[in-house]
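Below is one structure, written out as C-alpha coordinates; comments come after it.
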Amino acid sequence: MEVKPGTLYVVGTPIGNLGDLTFRAVQILQTVDLIAAEDTRHTGKLLQHFQIQTPQISYYEHNQHRRIPEVLEKLRQGKAIAIVTDAGIPGISDPGYELVKACIEAGIAVIPIPGVSACLTALSVSGLATDRFVFEGFLPTKTKLRQQRLEELRSQSHTMILYESPHRLRQTLQDLAETLGCDREIVLGRELTKLHEEFWRGTVGEAVEYYENIQPKGEFTLVMAGKIEKTPDLSETAIKAELEALLRQGLTRSQASRQLAENTSLPRRQIYQLALTLEEQDIDLS
(Lines give C-alpha, C1' and ligand atoms only; values in the text may rest on other atoms or scores of the structure.)
Protein backbone atom coordinates (compact mmCIF):
# COMPACT_ATOMS: atom_id res chain seq x y z
CA MET A 1 0.00 0.00 0.00
CA GLU A 2 1.38 3.38 -0.99
CA VAL A 3 0.94 6.28 1.37
CA LYS A 4 0.25 9.81 0.16
CA PRO A 5 3.06 12.34 0.65
CA GLY A 6 2.34 15.20 3.03
CA THR A 7 -0.49 13.32 4.74
CA LEU A 8 -1.23 12.67 8.41
CA TYR A 9 -2.59 9.19 9.13
CA VAL A 10 -4.56 8.78 12.36
CA VAL A 11 -3.97 5.12 13.19
CA GLY A 12 -5.98 3.11 15.69
CA THR A 13 -3.92 0.60 17.70
CA PRO A 14 -4.96 -2.32 19.95
CA ILE A 15 -6.36 -1.60 23.41
CA GLY A 16 -4.92 -4.87 24.67
CA ASN A 17 -4.89 -7.77 22.24
CA LEU A 18 -2.22 -7.23 19.58
CA GLY A 19 -4.29 -9.33 17.18
CA ASP A 20 -6.70 -6.42 16.88
CA LEU A 21 -4.28 -4.32 14.82
CA THR A 22 -5.70 -4.25 11.30
CA PHE A 23 -3.80 -5.28 8.17
CA ARG A 24 -4.26 -1.77 6.83
CA ALA A 25 -2.78 -0.24 9.99
CA VAL A 26 0.27 -2.50 9.73
CA GLN A 27 0.80 -1.49 6.09
CA ILE A 28 0.46 2.21 6.90
CA LEU A 29 2.88 2.01 9.83
CA GLN A 30 5.36 0.15 7.63
CA THR A 31 5.28 2.69 4.82
CA VAL A 32 4.96 6.14 6.41
CA ASP A 33 8.14 8.16 6.90
CA LEU A 34 7.61 8.79 10.60
CA ILE A 35 5.39 7.71 13.51
CA ALA A 36 4.39 10.25 16.17
CA ALA A 37 3.77 8.12 19.28
CA GLU A 38 2.38 8.95 22.70
CA ASP A 39 5.02 6.69 24.29
CA THR A 40 7.78 5.54 21.95
CA ARG A 41 8.75 2.71 24.29
CA HIS A 42 5.22 1.34 24.39
CA THR A 43 4.72 1.72 20.64
CA GLY A 44 8.19 0.26 20.09
CA LYS A 45 6.97 -3.07 21.47
CA LEU A 46 4.04 -3.02 19.05
CA LEU A 47 6.30 -2.20 16.11
CA GLN A 48 8.77 -4.91 17.09
CA HIS A 49 5.96 -7.48 17.27
CA PHE A 50 4.98 -6.68 13.67
CA GLN A 51 8.58 -6.19 12.51
CA ILE A 52 7.99 -2.53 11.64
CA GLN A 53 11.14 -0.43 11.52
CA THR A 54 9.69 3.02 10.87
CA PRO A 55 11.36 5.71 13.04
CA GLN A 56 9.39 7.36 15.86
CA ILE A 57 9.18 10.70 17.62
CA SER A 58 7.34 11.33 20.89
CA TYR A 59 4.05 13.20 20.78
CA TYR A 60 2.19 13.38 24.08
CA GLU A 61 0.10 15.76 26.17
CA HIS A 62 2.99 17.76 27.64
CA ASN A 63 5.03 18.25 24.46
CA GLN A 64 2.31 18.46 21.82
CA HIS A 65 2.36 22.25 21.48
CA ARG A 66 6.11 22.14 20.83
CA ARG A 67 5.82 19.15 18.49
CA ILE A 68 2.94 20.40 16.34
CA PRO A 69 5.00 22.99 14.40
CA GLU A 70 7.72 20.35 13.82
CA VAL A 71 5.22 17.80 12.52
CA LEU A 72 3.48 20.37 10.31
CA GLU A 73 6.80 21.36 8.77
CA LYS A 74 7.68 17.75 7.97
CA LEU A 75 4.24 17.27 6.42
CA ARG A 76 4.72 20.40 4.29
CA GLN A 77 8.01 18.91 3.12
CA GLY A 78 6.07 15.92 1.79
CA LYS A 79 6.63 13.46 4.62
CA ALA A 80 3.85 10.97 5.39
CA ILE A 81 3.33 10.72 9.14
CA ALA A 82 1.23 8.42 11.32
CA ILE A 83 0.04 9.40 14.78
CA VAL A 84 -0.65 6.65 17.33
CA THR A 85 -1.40 6.51 21.04
CA ASP A 86 -0.72 3.80 23.60
CA ALA A 87 -4.13 2.24 22.98
CA GLY A 88 -7.13 2.96 20.81
CA ILE A 89 -7.79 5.83 18.43
CA PRO A 90 -5.78 9.07 18.74
CA GLY A 91 -7.85 11.99 19.95
CA ILE A 92 -10.32 9.87 21.95
CA SER A 93 -9.25 10.67 25.55
CA ASP A 94 -5.68 10.63 24.20
CA PRO A 95 -3.40 13.13 22.39
CA GLY A 96 -4.28 13.76 18.77
CA TYR A 97 -7.06 16.33 18.57
CA GLU A 98 -4.77 19.38 18.56
CA LEU A 99 -2.57 17.98 15.78
CA VAL A 100 -5.52 16.95 13.62
CA LYS A 101 -7.06 20.41 14.07
CA ALA A 102 -3.78 22.11 13.18
CA CYS A 103 -3.42 19.99 10.03
CA ILE A 104 -6.94 20.79 8.88
CA GLU A 105 -6.38 24.51 9.46
CA ALA A 106 -3.13 24.27 7.46
CA GLY A 107 -4.84 22.51 4.57
CA ILE A 108 -2.96 19.25 5.18
CA ALA A 109 -4.78 15.99 4.40
CA VAL A 110 -5.78 13.83 7.35
CA ILE A 111 -6.75 10.19 6.77
CA PRO A 112 -8.26 7.91 9.44
CA ILE A 113 -7.07 4.31 9.78
CA PRO A 114 -9.83 2.87 12.02
CA GLY A 115 -9.14 0.58 14.92
CA VAL A 116 -10.44 -0.57 18.27
CA SER A 117 -12.02 1.89 20.70
CA ALA A 118 -12.66 0.94 24.33
CA CYS A 119 -15.89 2.96 24.52
CA LEU A 120 -17.55 1.23 21.56
CA THR A 121 -16.14 -2.15 22.57
CA ALA A 122 -17.79 -1.91 25.98
CA LEU A 123 -21.02 -0.41 24.64
CA SER A 124 -21.46 -3.20 22.09
CA VAL A 125 -21.70 -5.89 24.80
CA SER A 126 -23.28 -3.80 27.57
CA GLY A 127 -26.85 -4.82 26.89
CA LEU A 128 -27.84 -1.17 27.32
CA ALA A 129 -29.38 0.99 24.59
CA THR A 130 -26.97 1.62 21.71
CA ASP A 131 -29.16 3.76 19.45
CA ARG A 132 -28.26 6.97 21.28
CA PHE A 133 -25.25 7.38 23.53
CA VAL A 134 -22.75 9.97 24.73
CA PHE A 135 -19.05 9.51 25.44
CA GLU A 136 -17.86 11.49 28.46
CA GLY A 137 -14.30 10.15 28.78
CA PHE A 138 -12.72 10.79 32.19
CA LEU A 139 -14.63 12.90 34.71
CA PRO A 140 -12.79 16.05 35.86
CA THR A 141 -10.59 15.55 38.93
CA LYS A 142 -11.24 19.01 40.39
CA THR A 143 -14.20 18.87 42.77
CA LYS A 144 -16.20 21.82 41.39
CA LEU A 145 -15.86 20.80 37.76
CA ARG A 146 -16.60 17.19 38.65
CA GLN A 147 -19.83 18.12 40.42
CA GLN A 148 -20.89 20.28 37.48
CA ARG A 149 -20.33 17.42 35.05
CA LEU A 150 -22.21 14.96 37.24
CA GLU A 151 -25.16 17.35 37.50
CA GLU A 152 -25.23 17.52 33.71
CA LEU A 153 -25.27 13.72 33.54
CA ARG A 154 -28.15 13.46 36.01
CA SER A 155 -30.76 14.41 33.40
CA GLN A 156 -29.02 12.73 30.44
CA SER A 157 -31.44 10.32 28.74
CA HIS A 158 -28.84 8.69 26.47
CA THR A 159 -26.61 5.80 27.45
CA MET A 160 -23.39 7.25 28.95
CA ILE A 161 -19.81 5.98 28.65
CA LEU A 162 -17.00 6.92 31.04
CA TYR A 163 -13.37 5.92 31.46
CA GLU A 164 -11.84 5.45 34.89
CA SER A 165 -8.57 4.36 36.44
CA PRO A 166 -8.50 1.69 39.17
CA HIS A 167 -7.41 4.05 41.95
CA ARG A 168 -10.31 6.44 41.31
CA LEU A 169 -13.03 3.89 40.56
CA ARG A 170 -14.50 3.65 44.07
CA GLN A 171 -14.82 7.42 44.43
CA THR A 172 -16.40 7.73 40.99
CA LEU A 173 -18.96 5.02 41.74
CA GLN A 174 -19.81 6.77 45.03
CA ASP A 175 -20.22 10.10 43.22
CA LEU A 176 -22.46 8.46 40.60
CA ALA A 177 -24.60 6.88 43.33
CA GLU A 178 -25.06 10.21 45.09
CA THR A 179 -25.85 12.16 41.92
CA LEU A 180 -27.55 9.71 39.53
CA GLY A 181 -29.04 7.37 42.13
CA CYS A 182 -28.21 3.88 43.35
CA ASP A 183 -30.73 2.14 41.07
CA ARG A 184 -29.17 3.31 37.77
CA GLU A 185 -28.08 0.37 35.58
CA ILE A 186 -24.34 0.17 34.94
CA VAL A 187 -21.86 -2.15 33.24
CA LEU A 188 -18.16 -2.05 34.11
CA GLY A 189 -15.75 -3.39 31.51
CA ARG A 190 -12.28 -4.14 32.88
CA GLU A 191 -9.07 -4.86 30.95
CA LEU A 192 -10.93 -4.97 27.62
CA THR A 193 -9.54 -7.47 25.06
CA LYS A 194 -6.78 -8.50 27.50
CA LEU A 195 -6.21 -11.81 29.27
CA HIS A 196 -8.21 -10.82 32.36
CA GLU A 197 -11.08 -9.10 30.52
CA GLU A 198 -14.16 -8.94 32.73
CA PHE A 199 -17.64 -7.43 32.65
CA TRP A 200 -19.66 -6.64 35.77
CA ARG A 201 -23.37 -5.80 35.45
CA GLY A 202 -25.82 -4.44 38.00
CA THR A 203 -26.88 -1.11 39.52
CA VAL A 204 -24.63 1.73 40.63
CA GLY A 205 -25.50 0.98 44.25
CA GLU A 206 -24.58 -2.67 43.82
CA ALA A 207 -21.32 -1.67 42.15
CA VAL A 208 -20.42 0.54 45.11
CA GLU A 209 -21.04 -2.38 47.48
CA TYR A 210 -19.17 -4.87 45.27
CA TYR A 211 -16.02 -2.79 44.98
CA GLU A 212 -15.93 -2.08 48.70
CA ASN A 213 -14.70 -5.65 49.08
CA ILE A 214 -12.87 -6.05 45.76
CA GLN A 215 -9.68 -4.15 44.96
CA PRO A 216 -10.15 -2.52 41.53
CA LYS A 217 -7.45 -3.57 39.08
CA GLY A 218 -6.87 -2.55 35.47
CA GLU A 219 -8.44 0.17 33.36
CA PHE A 220 -12.25 0.50 33.46
CA THR A 221 -14.88 1.53 30.94
CA LEU A 222 -18.24 2.35 32.54
CA VAL A 223 -21.47 2.17 30.54
CA MET A 224 -24.57 3.57 32.28
CA ALA A 225 -28.21 3.71 31.35
CA GLY A 226 -29.69 7.14 30.77
CA LYS A 227 -32.43 8.64 32.92
CA ILE A 228 -35.83 7.10 32.28
CA GLU A 229 -38.87 9.28 32.83
CA LYS A 230 -41.75 7.38 34.38
CA THR A 231 -45.03 7.74 32.50
CA PRO A 232 -48.57 7.36 33.83
CA ASP A 233 -50.31 3.99 33.65
CA LEU A 234 -51.48 3.19 30.15
CA SER A 235 -54.63 1.52 28.92
CA GLU A 236 -54.39 -2.04 27.58
CA THR A 237 -54.71 -0.72 24.02
CA ALA A 238 -51.93 1.82 24.60
CA ILE A 239 -49.67 -0.84 26.15
CA LYS A 240 -50.12 -3.09 23.13
CA ALA A 241 -49.31 -0.20 20.82
CA GLU A 242 -46.14 0.52 22.78
CA LEU A 243 -45.19 -3.16 22.71
CA GLU A 244 -45.71 -3.38 18.97
CA ALA A 245 -43.47 -0.33 18.48
CA LEU A 246 -40.69 -1.91 20.56
CA LEU A 247 -41.03 -5.25 18.77
CA ARG A 248 -40.70 -3.48 15.43
CA GLN A 249 -37.37 -2.13 16.69
CA GLY A 250 -36.13 -5.72 17.03
CA LEU A 251 -36.64 -6.28 20.76
CA THR A 252 -37.93 -9.61 22.00
CA ARG A 253 -41.21 -9.78 23.92
CA SER A 254 -39.24 -10.16 27.14
CA GLN A 255 -37.01 -7.19 26.41
CA ALA A 256 -39.92 -5.01 25.31
CA SER A 257 -41.88 -5.91 28.45
CA ARG A 258 -38.95 -5.11 30.71
CA GLN A 259 -38.33 -1.75 29.04
CA LEU A 260 -41.99 -0.76 29.20
CA ALA A 261 -42.19 -1.82 32.85
CA GLU A 262 -39.25 0.48 33.62
CA ASN A 263 -41.12 3.38 32.02
CA THR A 264 -44.39 2.80 33.86
CA SER A 265 -45.57 1.59 37.25
CA LEU A 266 -47.09 -1.57 35.73
CA PRO A 267 -45.65 -4.98 36.68
CA ARG A 268 -43.43 -6.56 34.05
CA ARG A 269 -45.36 -9.85 34.30
CA GLN A 270 -48.65 -8.11 33.44
CA ILE A 271 -47.07 -6.42 30.40
CA TYR A 272 -45.45 -9.66 29.26
CA GLN A 273 -48.81 -11.45 29.36
CA LEU A 274 -50.18 -8.79 27.01
CA ALA A 275 -47.12 -9.19 24.78
CA LEU A 276 -47.91 -12.89 24.43
CA THR A 277 -51.35 -12.06 23.05
CA LEU A 278 -49.84 -10.14 20.13
CA GLU A 279 -49.89 -12.14 16.92
CA GLU A 280 -46.84 -12.03 14.65
CA GLN A 281 -48.95 -11.06 11.66
CA ASP A 282 -50.33 -8.05 13.56
CA ILE A 283 -46.85 -6.55 13.92
CA ASP A 284 -45.57 -4.71 10.87
CA LEU A 285 -41.79 -5.32 10.98
CA SER A 286 -41.10 -3.41 7.76
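Given the structure is predicted, the values throughout are model-derived calculations rather than measurements.
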Please examine the side chains of [Y] and [X], heavy atoms only from C-beta on, and report whether any two atoms are closer than 4.5 Å.
| X | Y | result |
| --- | --- | --- |
| Gln273 | Leu276 | yes |
| Thr130 | Thr159 | no |
| Gln215 | Arg170 | yes |

Give, for atom [atom1] of [X] and atom [atom2] of [Y], the distance between the pair rounded to the nearest 0.5 Å.
| X | Y | atom1 | atom2 | result |
| --- | --- | --- | --- | --- |
| Glu244 | Glu242 | CD | CD | 10.5 Å |
| Leu274 | Leu243 | CG | CG | 7.0 Å |
| Glu2 | Ile28 | CD | CD1 | 11.0 Å |
| Leu246 | Ile271 | CG | CD1 | 10.0 Å |
| Ile15 | Ser117 | CD1 | OG | 7.5 Å |
| His167 | Thr172 | NE2 | OG1 | 9.0 Å |

I'd like to know if the side chain of [X] and the backbone of [Y] have a donor-acceptor N/O pair within less than 3.5 Å.
| X | Y | answer |
| --- | --- | --- |
| Arg184 | Ala225 | yes |
| Tyr59 | Gly96 | no |
| Gln171 | Arg168 | no |
| Thr193 | Asn17 | yes |
| Arg190 | His196 | yes |
| Arg253 | Ala275 | yes |
| Asp33 | Ile81 | no |
| Arg146 | Pro140 | yes |
| Glu191 | Glu219 | yes |
| Ser257 | Arg268 | no |

Sequence neighbours excluded - side chain to side chain donor-acceptor pair (under 3.5 Å) pairs with any residue from residues 76-105:
Glu73-Gln77
Check [X] against [Y] and note the closest heavy-atom contact, atom names and distance.
| X | Y | result |
| --- | --- | --- |
| Ala82 | Val11 | CB-CG2, 3.9 Å |
| Leu123 | Ala129 | CD1-O, 4.0 Å |
| Phe50 | Leu18 | CZ-O, 3.5 Å |
| Gly218 | Pro166 | O-CD, 3.1 Å |
| Phe199 | Gly189 | CD2-CA, 3.8 Å |
| Ala256 | Leu247 | CB-CD2, 4.3 Å |

Is there a path of hydrophobic side-chain contacts, each under 4.5 Å between heavy atoms of I, L, V, M, F, W or Y residues, that connects [X] with [Y]?
| X | Y | result |
| --- | --- | --- |
| Leu120 | Phe138 | yes |
| Leu21 | Val116 | no |
| Phe135 | Val223 | yes |
| Val84 | Val10 | no |
| Leu75 | Ile83 | yes |

Side chain to side chain contact (heavy atoms under 4.5 Å, CB included) for Leu47 and Ile35? Distances and angles first, verdict last.
CA-CA 10 Å; Leu47 300 183; Ile35 297 172; 3.9 Å; yes
Take Val3 and Thr31 through the test side chain to side chain contact (heavy atoms under 4.5 Å, CB included) and record every step on the way to the result.
CA-CA 7 Å; Val3 296; Thr31 52; 3.1 Å; yes
Given the rule in the side chain to side chain contact (heavy atoms under 4.5 Å, CB included) test, do Leu99 and Val110 qualify, once you have shown the distances and angles that lead to the verdict?
CA-CA 10 Å; Leu99 178 57; Val110 181; over 6 Å; no
Among Arg154, Gln147, Arg149, whose side-chain hydrogen bond (donor to acceptor under 3.5 Å, both in side chains) with Glu151 holds?
Arg154
Passes side chain to side chain contact (heavy atoms under 4.5 Å, CB included), Tyr9 versus Lys4? Steps please.
CA-CA 9 Å; Tyr9 291 86; Lys4 298 179 180 179; 3.7 Å; yes
Which residues end up grouped with Met224 if you chain together Ile, Leu, Val, Met, Phe, Trp and Tyr wherever their side-chain heavy atoms are less than 4.5 Å apart?
Val134, Leu139, Leu150, Leu153, Met160, Leu162, Leu169, Leu173, Leu176, Leu180, Ile186, Leu188, Trp200, Val204, Val208, Tyr210, Tyr211, Ile214, Phe220, Leu222
Heavy-atom neighbours of Gln156 CD exceed 12 at 6.0 Å:
yes
